[in-house]
Amino acid sequence: MPSSDLSPTFISHAPGYWQPDEMDHWSDHKWQLRNRVDSLIDLESRLNLTDIERAGVLLAGTKLAMSITPHYFNLIDRDDPDCPIRRQVIPRIEEGWNAPEELADPCGEDSHMPVPGLVHRYPDRVLFLVTDRCASYCRYCTRSRVVSGVGEQHLETQWEPAFRYLEKHTEIRDVLLSGGDPLLFSDDRLDKVLTRLRSIPHIQFVRIGSRIPIFLPQRITPELCAMLKKHHPLFISIHTNHPRELTSEVRDALGRLADAGIPLGNQSVLLRGVNDSVEVQKALVHKLLMCRVRPYYLYQCDLINGSSHLRTSVAEGVAVIEGLRGHTTGYAIPQFVIDGPGGGGKIPINPNYLIESVPGRVTLRNFEGNVFEYPDPTPMPAAELERLHQQAFCPSEG
Ligand SMILES: *Cc1c(COP(=O)(O)O)cnc(C)c1O
């Protein structure tokens, strides 16, 4: 890995694979979207592909499309087939094999949809899938069954029935907009969706899940930030996996969101050959704090079809957390979770710091492996209570 990956510096990779005269359009997000790398010819004109990747691109056409913004493409190392950025967005032949434990809908979302597009899995909050398109496609996408529009299944969000469901279900206080990527909507369209949600009195909290700050930081315009700001309290969960993704353009985009008063969290996926080491994770979370982003979740990779080459063991995730907790800022440490297969929801997984728990005391270990006993409280004796009472109210008699 380039040594810069682990240093806490923010650099721009432009123009990279593009011509200097194309830089006139570089900061225009529409130009970035129009110029995405989305075909084998396009890809091979810029990179030397391996046969494993070439076959992967040909297979991807009917499963999950390939599409990479010029901004993100520039993070790819031309000569390193194991480049952590490459593994995230360039298909590989392994995607064509479904391991026996894998599923098309690993989190059981389709069976928790009271209205198409609305996943109501937890008592007080819903996941609202508002689009099936993203700026670029992650090869481990948990929603690849519907995302990108090339597979057999399609997302058909039922807008009016979804809003009516939200209005009727007064227990819903938290709506998470996702997809696809909601920040692909125009400012106007997103403003209308947020206004409609904000008109529902019991919805206290709205979040947007988006990888656009990473794939397409040019989309985070001052106008978008000014619009989002009208809808507070609004949080954004971004998705970044590797410190190289935090470029100077990304840092500036995140700064604009933070300046608009939007609390930012990050959701990472633990991926083999991308970020499955304490060193890479530490560099990532330190850069996130510098961008005013709080690491929120680290996901064990879902059992999505064709992802076995990107998944790690659960023990490796626990080892990452073990390597962070106590060794660095508490704010920098995400919660490691497994989304229970078939619809179990997010289940937190932690290193075991509780060695023993018996009535009267617990035995603990800290991050350095030292052992501590922590006793349960001793009830105050009645005689002591009486003595203190006397002392407070009848000091002369004491
Ligand atoms: C992740 C998720 C949420 C939000 O969970 P939090 O723990 O509140 O971030 C809500 N609904 C569904 C279906 C989810 O997968």
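The chain is numbered in sequence order, starting from 1. In this text, all values refer to a predicted model and were calculated from it rather than measured experimentally.
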- For a salt bridge (Lys or Arg N to Asp or Glu O under 4.0 Å) with E53, tell me which candidate from R139, R87, R86 qualifies. R86
- Task: For the pair R272 and E316, find out whether any cationic side-chain nitrogen is under 4.0 Å from an anionic carboxylate oxygen.
- Result: yes
- Check step by step if salt bridge (charged side-chain N to carboxylate O under 4.0 Å, His left out) holds for K63 and E95. CA-CA 9 Å; K63 295 187 167 181; E95 287 181 24; over 6 Å; no
- Go through the steps to decide whether D28 and Q218 satisfy the test side-chain hydrogen bond (donor to acceptor under 3.5 Å, both in side chains), and finish with yes or no. CA-CA 6 Å; D28 174 358; Q218 297 81 4; over 6 Å; no
- Message: Just so I know, are the side chains of I11 and S248 near enough to count as touching, which here means a heavy-atom distance under 4.5 Å?
- Response: no
- Pairing of R311 and E101 as salt bridge, 4.0 angstrom limit: yes
- Message: I68 vs Y137, test: side chain to side chain contact (heavy atoms under 4.5 Å, CB included). Steps then yes/no.
- Response: CA-CA 7 Å; I68 311 163; Y137 295 108; over 6 Å; no
- Can you measure from OG (S178) to NE2 (H239) and round to the nearest 0.5 angstrom? 10.5 Å
- Query: Hey, what do you get for NE2 (H29) to OG1 (T69), rounding to the nearest 0.5 Å?
  - Reply: 12.5 Å
- Keeping to residues at least two apart or across chains, list the ring-ring contact (aromatic ring centres under 6.0 Å, His included) pairs with something in residues 332-358. none
- Message: If only side-chain N and O atoms count, and only distance matters, is there a donor-acceptor pair under 3.5 Å linking D21 with Q19?
- Response: no
- Pair K282 + E279: basic N to acidic O under 4.0 Å: no
- Determine, step by step, whether Q153 and D105 satisfy the side-chain hydrogen bond (donor to acceptor under 3.5 Å, both in side chains) criterion, reporting the C-alpha distance in whole Å, the side-chain angles of both residues, the deciding distance to 0.1 Å, and the verdict. CA-CA 11 Å; Q153 198 179 327; D105 178 16; over 6 Å; no
- Message: Within the 3.5 Å criterion, strictly below it, is a donor on D276 or Q281 matched to an acceptor on the partner's side chain?
- Response: no
- Cationic tip of R164 above W159 ring, under 6.0 Å, 45° of axis: no
- Below 4.0 angstrom, N of the basic side chain to O of the carboxylate: do D191 and K230 qualify? yes
- Any chance you could lay out the salt bridge (charged side-chain N to carboxylate O under 4.0 Å, His left out) test for E152 and R145, step after step, and finish with the verdict? CA-CA 8 Å; E152 281 164 28; R145 69 189 184 283; over 6 Å; no
- Item | Cationic N near anionic O, under 4.0 Å, D259 to R292 | yes
- Side chains of V175 and L177 in contact at under 4.5 Å (non-hydrogen atoms): yes
- Any side-chain heavy-atom pair of I338 and V314 under 4.5 Å: yes
- Item | Note: D174-R207 ion pair, threshold 4.0 Å (strictly below) | yes
- Pair R244 + D77, salt bridge at N-O below 4.0 Å: no
- How far apart are the closest heavy atoms of D80 and D82, and which atoms are they? OD1-N, 2.8 Å
- Residue among D5, L75, I238 satisfying side chain to side chain contact (heavy atoms under 4.5 Å, CB included) with E245: L75
- Item | Heavy-atom side-chain proximity of H242 to Q88 below 4.5 angstrom | yes
- Query: Does Q267 reach the main-chain N or O of S237 with its side chain, forming a donor-acceptor pair under 3.5 Å?
  - Reply: no
- Task: Before giving the answer on salt bridge (charged side-chain N to carboxylate O under 4.0 Å, His left out), spell out for E322 and R365 the whole-Å C-alpha distance, their side-chain angles and the decisive distance to 0.1 Å.
- Result: CA-CA 12 Å; E322 177 87 53; R365 70 159 176 99; 2.8 Å; yes
- Evaluation steps, side-chain hydrogen bond (donor to acceptor under 3.5 Å, both in side chains), between S277 and N275: CA-CA 6 Å; S277 75; N275 59 9; over 6 Å; no
- Query: If you measure only the distance, is there a donor-acceptor pair under 3.5 Å linking the side chains of D302 and T142?
  - Reply: yes
- Message: Between R36 and D42 (salt bridge meaning N to carboxylate O under 4.0 Å), is one present in this structure?
- Response: no
- Inspect the contact between R256 and E223 and indicate whether a charged nitrogen and a carboxylate oxygen are less than 4.0 angstrom apart. no
- Task: Inspect the surroundings of CD in E160 and state if more than 12 heavy atoms from other residues, nucleotides or ligands are less than 6.0 Å away.
- Result: yes
- Taking the six-membered ring for Trp and the full ring for Phe, Tyr or His, determine whether the centres of F367 and H327 are under 6.0 Å apart. yes
- Task: Please lay out, stage by stage, how T363 and E373 fare under the test side-chain hydrogen bond (donor to acceptor under 3.5 Å, both in side chains).
- Result: CA-CA 5 Å; T363 308; E373 297 238 317; 3.3 Å; yes
- Message: Evaluate R294 against L288 for side chain to side chain contact (heavy atoms under 4.5 Å, CB included), listing each step before the verdict.
- Response: CA-CA 7 Å; R294 168 84 159 91; L288 281 167; over 6 Å; no
- With side chain to side chain contact (heavy atoms under 4.5 Å, CB included) as the test, would you mind laying out the steps for L64 and V150 before giving the verdict? CA-CA 6 Å; L64 174 70; V150 301; 5.5 Å; no
- Geometric class of the H169/H120 ring pair [parallel <30°, tilted 30-60°, perpendicular >60°]: perpendicular
- Item | Sequence neighbours excluded, every pair satisfying ring-ring contact (aromatic ring centres under 6.0 Å, His included) that has a member inside residues 252-310 | Y297-Y299
- Does NE2 belonging to H389 count more than 12 external heavy atoms closer than 6.0 Å? no
- Message: In the structure I gave you, are the side-chain heavy atoms of L216 and D181 within less than 4.5 Å of one another anywhere?
- Response: no
- Message: Distance check, rounded to the nearest 0.5 Å: L127 atom CG versus R121 atom CZ?
- Response: 12.0 Å
